[in-house]
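Structure below; questions to follow.
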Amino acid sequence: MTSEKLAGPNLNSLCGFEVIDKIKYLVKEECPITVSCVDILAMAARDVVELRGGPRWDALLGRKDALESSFSGANILIPAPNSSLEVLIDNFKQQGLDIEDLVTLSGSHTIGRARCLSFRQRIYNAKEEYHYGYDHYKRYTSFRRILRSICPVEGRDTKFAPLDFQTPKRFHNHYFINILEGKGLLGSDNVLISHDLDGKTTEQVWAYASNEKLLIKMGNINVLTGNEGEIRRNCRFVDA
Ligand code: HEM
């Protein structure tokens, strides 16, 4: 089975698995084959959001671990940072999420970092920034100058920049203000306003700036329960 970790969007990007291994080890010592790896992930996500100043929610538990990995699914379904707004909308639709969800969930980029490889295209090809007038463009160019110093036209692919420059370590809706100011790091953040033909997503960038509750919806995509899936002994491998 080829691991999803090796799929294009995940390769050299996903990390931190050792944290889950450690939690799994400790939980397994107390209570063998009861808590699934995916439940551990759901609780870790809930806790990290709260620890970083975001909202708390009740994680729905009792999820089972998948019996297989989908390398091709990960390649097809995970959107690229330079995806068009149409592609993003379509990807989300395939997971039962609508445009409103796309805007709100993109707000997760309030936290974390991206590699130069992920935002290079955005900072060396940004003609559309002119659309928003001189002030917007000026703000964007000073932001771009900083990003270009981190990420040259070639090389330094693995250098990082924070997804939210204002409050990189806080779960905060400043993300939305950033994109309105032309300071969204990824192309996919920026297209929410720059390629929005009917004004729908732009309006939502404002309207949903403080609605963090939809994160719960994201966590409930394709959940395996009951007789589906398994509880893995080791989170890195399928048992069955
Ligand atoms: C709208 C489509 C999305 C695209 C195109 C996208 C793309 C990306 C990319 C390219 C990165 C940086 C990866 C790297 O450079 O290694 C990233 C980071 C991240 N994304 Fe997204 N993402 C999207 C939606 C989401 C959603 C819905 C969530 C969660 C609900 C999310 C949460 C995160 C987090 C937390 C990070 C930072 C990870 C870290 O610092 O380790 N993203 N995303």
Side-chain angles (χ1 to χ4, degrees), residues 4-20 38 41-42 44-55 57 59 74-123 147 150-151 156-165 167-176 178-179 184-196 200-201 204-205 208 211-223:
E4 284 176 32
K5 289 174 193 164
L6 301 174
N10 296 335
L11 193 64
N12 302 324
S13 176
L14 289 184
C15 55
F17 298 106
E18 66 286 354
V19 178
I20 302 302
V38 66
L41 271 176
R46 175 201 63 194
D47 292 348
V48 81
V49 167
E50 192 185 21
L51 287 168
R52 289 295 170 189
W57 66 86
N75 270 327
I76 295 164
L77 294 171
I78 300 177
N82 60 347
S83 302
S84 67
L85 185 57
E86 290 74 17
V87 168
L88 293 175
I89 291 172
D90 194 58
N91 277 139
F92 272 62
K93 201 169 159 193
Q94 288 184 47
Q95 304 301 327
L97 298 166
D98 62 20
I99 299 178
E100 201 177 298
D101 300 336
L102 166 66
V103 176
T104 313
L105 290 169
S106 294
S108 301
H109 290 167
T110 173
I111 213 154
R113 308 177 301 174
R115 289 165 302 154
C116 162
L117 192 70
S118 304
F119 63 85
R120 177 177 284 124
Q121 212 165 334
R122 154 108 167 101
I123 54 169
L147 293 179
I150 299 170
C151 182
R156 293 203 223 152
D157 285 1
T158 53
K159 291 287 168 205
F160 289 106
L163 286 158
D164 173 354
F165 262 77
T167 52
K169 292 188 174 173
R170 303 298 296 161
F171 197 98
H172 196 283
N173 60 8
H174 214 112
Y175 164 83
F176 293 102
N178 290 345
I179 49 177
L185 182 64
L186 304 179
S188 61
D189 298 322
N190 192 47
V191 288
L192 296 177
I193 60 158
S194 67
H195 283 81
D196 178 20
K200 224 169 156 183
T201 51
Q204 283 165 13
V205 166
Y208 292 94
N211 182 347
E212 290 148 335
K213 294 201 179 92
L214 273 163
L215 280 170
I216 300 158
K217 197 163 177 175
M218 175 82 182
N220 294 337
I221 299 170
N222 294 335
V223 172

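Throughout, numbering of the chain's residues begins at 1 and tracks the sequence. Counting starts at 1 for both ligands and their atoms, following the listed order. Atoms considered below: every heavy atom in the structure, side chains included; atoms not considered: hydrogens, waters and symmetry mates.
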- Message: Contact between Leu186 and Ser118 at the side-chain level, heavy atoms closer than 4.5 Å - yes or no?
- Response: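 Yes, their side chains come closer than 4.5 Å.
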- Can you list the atoms of ligand 1 that are under 4.0 Å from a heavy atom of Leu102?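 Per the distance check, 1 (C).
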- Query: Can a non-hydrogen atom of Ser83 be found less than 4.0 Å from any atom of ligand 1?
  - Reply: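 Ser83 does not count as a contact of ligand 1 under the 4.0 Å cut-off.
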- Task: Could you check Asp164, Val205, Ile179 and say which one makes a side-chain contact (heavy atoms from CB on, under 4.5 Å) with Asp189?
- Result: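 Considering Asp164, Val205, Ile179, a side-chain contact (heavy atoms from CB on, under 4.5 Å) with Asp189 is found only for Ile179.
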- Task: Answer with side chain, backbone, both or neither: which part of Asn12 has a heavy atom less than 4.0 angstrom from an atom of ligand 1?
- Result: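 For Asn12, no heavy atom sits under 4.0 Å from ligand 1.
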- Side-chain heavy-atom pair Arg120, Asp157 within 4.5 angstrom cut-off: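 Yes; the side chains approach each other to less than 4.5 Å.
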- Task: Output yes when the distance from some N or O of ligand 1 to some N or O of Ser118 is under 3.5 Å, and no in every other case.
- Result: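 Yes; the residue has a nitrogen or oxygen that sits under 3.5 Å from a nitrogen or oxygen of the ligand.
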- Side-chain touch Arg115/Ser13, heavy atoms, less than 4.5 angstrom: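 Counting from C-beta outward, Arg115 and Ser13 do come under 4.5 Å.
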- Task: For Phe92 and ligand 1, answer yes if some heavy atom of the residue is under 4.0 Å from a ligand atom, otherwise no.
- Result: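 Judged by the 4.0 Å heavy-atom criterion, Phe92 does count as contacting ligand 1.
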- Classify the contact between Leu117 and ligand 1 as side chain, backbone, both or neither, using a heavy-atom distance cut-off of under 4.0 Å.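 It is neither; nothing of Leu117 touches ligand 1.
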- Could you see which bit of Ser106 sits under 4.0 Å from ligand 1, with heavy atoms only: side chain, backbone, both or neither?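 The side chain, only.
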- Query: Which pair of heavy atoms, one from Leu85 and one from Val191, lies closest together, and at what distance?
  - Reply: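 Scanning both residues, the minimum pair turns out to be CD2-O, 3.9 Å.
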- Out of Arg115, His109, Gln95, who gets a non-hydrogen atom closest to atom 24 (C) of ligand 1?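 Closest candidate by heavy-atom distance is His109.
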- Proximal ligand 1 atoms for Leu105, defined as those under 4.0 Å from one of its heavy atoms: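 Atoms satisfying the 4.0 Å criterion: 26 (C), 27 (C).
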- Message: Please check whether Ser188 reaches ligand 1 - meaning an N/O of the residue sits under 3.5 Å from an N/O of the ligand, judged on distance alone.
- Response: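 No; the residue has no nitrogen or oxygen that sits under 3.5 Å from a nitrogen or oxygen of the ligand.
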- Query: Counting from 1, what ligand 1 atoms have a heavy atom of Ala114 closer than 4.0 Å?
  - Reply: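 Atoms satisfying the 4.0 Å criterion: 12 (C), 15 (O).
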- Are the side chains of His109 and Leu185 in touch, meaning some heavy atoms are under 4.5 Å apart?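 Heavy-atom side-chain distance check fails, nothing below 4.5 Å.
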- Query: Counting heavy atoms only, which part of Asn91 comes closer than 4.0 Å to ligand 1: side chain, backbone, both or neither?
  - Reply: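 It is neither part, as no heavy atom is under 4.0 Å.
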- Task: Taking all heavy atoms of Leu51 and all of Arg170, pick out the closest pair and write down the distance.
- Result: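 Leu51 and Arg170 have their closest heavy atoms at O-NH1, 4.2 Å.
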- Message: When you measure from the heavy atoms of Ala80 to every atom of ligand 1, does any distance fall below 4.0 Å?
- Response: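 Within the 4.0 Å threshold, so yes.
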- Query: Quick one: which of Leu163, Leu85, Asp164 has a heavy atom closest to atom 36 (C) of ligand 1?
  - Reply: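 Comparing heavy atoms across Leu163, Leu85, Asp164, the nearest one to atom 36 (C) of ligand 1 lies in Leu163.
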- Message: Counting C-beta onward and ignoring hydrogens, is there a side-chain heavy-atom pair between Phe176 and Ser106 closer than 4.5 Å?
- Response: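 SC-SC contact between Phe176 and Ser106 ruled out.
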- For the residue pair Ile123 and Cys151, what are the closest heavy atoms and their distance?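 So the minimum-distance heavy-atom pair works out to CD1-O, 3.8 Å.
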- Message: Using every non-hydrogen atom in the two residues, find where Ala59 and Ala42 come nearest and quote the distance to one decimal.
- Response: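 Looks like CB-O, 4.2 Å.
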- Hey, which atoms in ligand 1 end up nearer than 4.0 Å to a heavy atom of Gly112?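 Ligand 1 atoms under the 4.0 Å threshold to Gly112: 37 (C), 40 (O).
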- When only distance counts, is Ser108 in polar contact with ligand 1, meaning an N/O pair under 3.5 Å?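 Ser108 vs ligand 1: no N/O contact under 3.5 Å.
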- Message: Show the atoms of ligand 1 that are less than 4.0 angstrom away from any heavy atom in Ser13.
- Response: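 What qualifies from ligand 1 is 13 (C), 14 (C), 16 (O).
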- Query: Which atom names give the shortest non-hydrogen contact between Gln94 and Leu77, and what distance separates them?
  - Reply: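 The pair with the smallest heavy-atom distance is OE1-CD2, 3.1 Å.
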